[in-house]
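To start, the structure itself, in structure tokens.
Order of appearance sets the numbers: ligands from 1, and atoms from 1 within every ligand. Only a predicted model underlies this, so the values are computations on that prediction, with no experimental measurement involved.
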Amino acid sequence: MMETKRIVVIGGGAAGMMAALTAARQGAEVTLVERNRTLGKKLRITGKGRCNVTNDCDVATVLQNIPRNGRFLHSALSQLSPADVKDFFQDDLGVPLKTERGNRVFPQSDSAHDIADALRHALNREGVQVKTGRVTAVLTESGTVSGVKLESGSRLTADAVIIATGGVSYPATGSTGDGYRLAKALGHTVVNPRGSLVPLEGEDCCGELQGLSLRNIAIRVEDEGGKTLYRDFGELLFTHFGLSGPVILSASAHMRDFEHHQYTVAIDLKPALDEKTLDERLIRDFQKNANRDFQNGLDALLPRKLIGEVIRRSGIPPETKVHDITRAQRHALLSVLKNFTVRIDGPRPVRDAIITSGGVTVSEVNPSTMGSKLVNGLYFAGEVLDVDAYTGGFNLQIAWATGYAAGCWAAWG
Ligand SMILES: Cc1cc2nc3c(=O)[nH]c(=O)nc-3n(C[C@H](O)[C@H](O)[C@H](O)COP(=O)(O)OP(=O)(O)OC[C@H]3O[C@@H](n4cnc5c(N)ncnc54)[C@H](O)[C@@H]3O)c2cc1C
């Protein structure tokens with residue numbers, strides 16, 4: 001008779017819980033070690049607490065939404081596709097789901113806790129031992145995994161170890177880069193981590209606009225040559241350092257080389273009106289406000305906080321009587337409204353990012369099994385790997401798929 005395989009999973013986030021559950025269902029004896037007392041601390045805050053659990057699309061579309069090392073994920077995503085993830089949560093774990101704009105899938109309850117708790121219950125049912133502690137080393141004997149060492153000094157023996165420790169973003173959730181250190185100590189290469197889906201530091205004008213949230217604006221990201229790299233529509237927030245909000249986080253994933261490129265975010269403050277229609281609107285507003293100062297004539301058009309900056313950029317002296325504004329001046333104003341640019345200095349630090357780009361280099365990992373090519377019995381899952389995706393549920397899809405592959409193959413391998 002074959003002996004039961006002992007597997008230790010390091011990290012009880014999305015990828016680690018999926019890996020542990022899968023390995024247990026394959027008959028392995030699984031211990032999941034999580035440094036926090038609660039499993040899935042990050043998972044519980046995903047999607048603003050609603051958890052965008054996956055994207056209801058085919059594998060090819062998932063791959064189009066993974067700018068970094070998508071090809072590496074092809075096999076794992078074929079083993080557990082978005083449709084499989086939906087079935088898993090709905091039919092297997094009993095969490096009803098719904099699909100929203102952009103094929104984003106959420107629990108019907110709008111509560112990320114329902115996803116995390118369903119996984120936790122399933123781990124209990126499958127007999128996975130959950131241990132609170134911080135792993136400080138993966139132990140090996142003659143190039144093969146033999147167990148892990150915890151900060152407390154205790155050791156756990158294992159035939160296979162799955163590193164699912166996440167990246168370095170939102171470190172308060174427990175992901176502080178331990179996986180990189182564990183992998184490096186075993187000879188793996190780690191691509192320098194940096195933030196993706198991250199707020200952006202920008203021109204100092206933004207300081208004055210701090211706290212201003214603009215809904216229903218359009219943005220365009222341009223490089224130094226004026227080439228458009230990305231367009232989006234939605235909500236943007238001015239902060240004390242620059243720009244944040246959903247459209248900015250998404251846009252940041254398309255600005256991938258701050259060392260060699262100068263990026264600009266161009267905001268269309270009136271995307272519903274084309275230039276001709278907006279000009280007609282300005283003419284009407286100017287007729288209504290003909291005898292007022294320019295600085296007092298924009299209330300109907302713009303949020304109060306933005307008026308001063310728009311006037312400054314238009315070059316029209318604020319005390320100009322509206323009836324004195326020339327056609328050229330009106331066109332200058334129109335141009336600011338349609339093309340309010342913010343020069344981007346760089347991303348916020350990786351700790352503020354939604355996800356970490358960089359991590360364990362994928363060329364040293366088997367794409368079908370998530371197994372290390374350097375150490376027998378070692379596997380990786382989730383954000384610890386050098387992969388990252390755009391928003392829309394794709395990052396969790398990566399965590400589920402790589403967790404599933406690592407769990408299966410660690411149990412079988
Ligand atoms: C605010 C926010 C919102 C997000 N919303 C979404 C969303 O709606 N949809 C989406 O697809 N993605 C979203 N993401 C991204 C998504 O959460 C991550 O990609 C995903 O959680 C990665 O899963 P993981 O298991 O690899 O890592 P993590 O979730 O970070 O889990 C790693 C776990 O390992 C533990 N750990 C680390 N080191 C050790 C150690 N040495 N010993 C023991 N345990 C350790 C940590 O405590 C942690 O619990 C969001 C991220 C953030 C920050």
**Part of Ile10 within contact of ligand 1 (heavy atoms, under 4.0 Å)** = side chain
Is there a side-chain contact between [X] and [Y] (heavy atoms, below 4.5 Å)?
X: Val247; Y: Ile217; value: yes
X: Asp110; Y: Lys98; value: yes
X: Arg68; Y: Val387; value: no
X: Phe88; Y: Leu21; value: yes

For [X] and [Y], which I'm curious about, is there any donor-acceptor pair between the side chains at under 3.5 Å?
X: Ser213; Y: Glu235; answer: yes
X: Ser244; Y: Thr239; answer: no
X: Thr144; Y: Ser142; answer: no
X: Asp232; Y: Tyr230; answer: yes
X: His188; Y: Thr361; answer: no

What protein heavy atom lies closest to [atom]? Include the residue and the distance to one decimal.
atom: atom 27 (O) of ligand 1; value: Gly166 CA, 3.3 Å
atom: atom 25 (O) of ligand 1; value: Ala15 N, 2.9 Å
atom: atom 38 (N) of ligand 1; value: Thr165 CG2, 3.5 Å
atom: atom 11 (O) of ligand 1; value: Leu396 N, 2.7 Å
atom: atom 21 (O) of ligand 1; value: Lys42 CD, 3.7 Å
atom: atom 35 (C) of ligand 1; value: Glu34 OE1, 3.2 Å

Return yes or no for this condition: an N or O of [X] is under 3.5 Å from an N or O of ligand 1.
X: Arg35; result: yes
X: Asp178; result: yes
X: Ile45; result: no
X: Gly47; result: yes
X: Asn36; result: yes
X: Glu383; result: yes
X: Lys41; result: no

**Message:** Tell me the closest heavy-atom pair linking Leu214 and Pro303, and the distance in Å.
**Reply:**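 Looking at all heavy atoms of both residues, the closest pair is CD2-CG, 3.8 Å.
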**Item:** Selected option - heavy-atom contact closest to atom 14 (N) of ligand 1, from Asn52, Val387, Ile163, Ile354
**Value:**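 The option holding the nearest heavy atom is Ile354.
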**Request:** Report the member of Gly13, Gly12, Gly49 with the shortest heavy-atom distance to atom 31 (O) of ligand 1.
**Result:** Gly13
Main-chain N/O of [Y] paired with [X] side-chain donor or acceptor, under 3.5 Å:
X: Glu29; Y: Lys5; answer: no
X: Thr136; Y: Lys149; answer: yes
X: Asp84; Y: Ser81; answer: yes
X: Asp293; Y: Asn296; answer: no

May I ask you to list the atoms of ligand 1 that are less than 4.0 angstrom from any heavy atom of [X]?
X: Val33; answer: 43 (C), 44 (N)
X: Gly382; answer: 26 (O)
X: Asn395; answer: 11 (O), 12 (N), 19 (O)
X: Ile355; answer: 15 (C), 19 (O)
X: Thr46; answer: 3 (C), 4 (C), 5 (N), 6 (C), 7 (C), 8 (O), 13 (C), 14 (N), 17 (O), 50 (C)
X: Gly11; answer: 33 (C), 34 (O), 35 (C), 44 (N)
X: Ser175; answer: 30 (O)
X: Gly174; answer: 36 (N), 37 (C), 38 (N), 46 (C), 47 (O)

Under 4.0 angstrom from ligand 1, any heavy atom of [X]?
X: Gly133; result: yes
X: Val135; result: yes
X: Ala164; result: yes

**Asked** Taking the six-membered ring for Trp, are Trp409 and Tyr404 ring centroids under 6.0 Å apart?
**Response**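 They do not qualify: ring centres at least 6.0 Å apart.
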**Intermediate values then yes/no, side-chain hydrogen bond (donor to acceptor under 3.5 Å, both in side chains), Arg104 and Thr54** = CA-CA 6 Å; Arg104 291 161 195 250; Thr54 186; over 6 Å; no
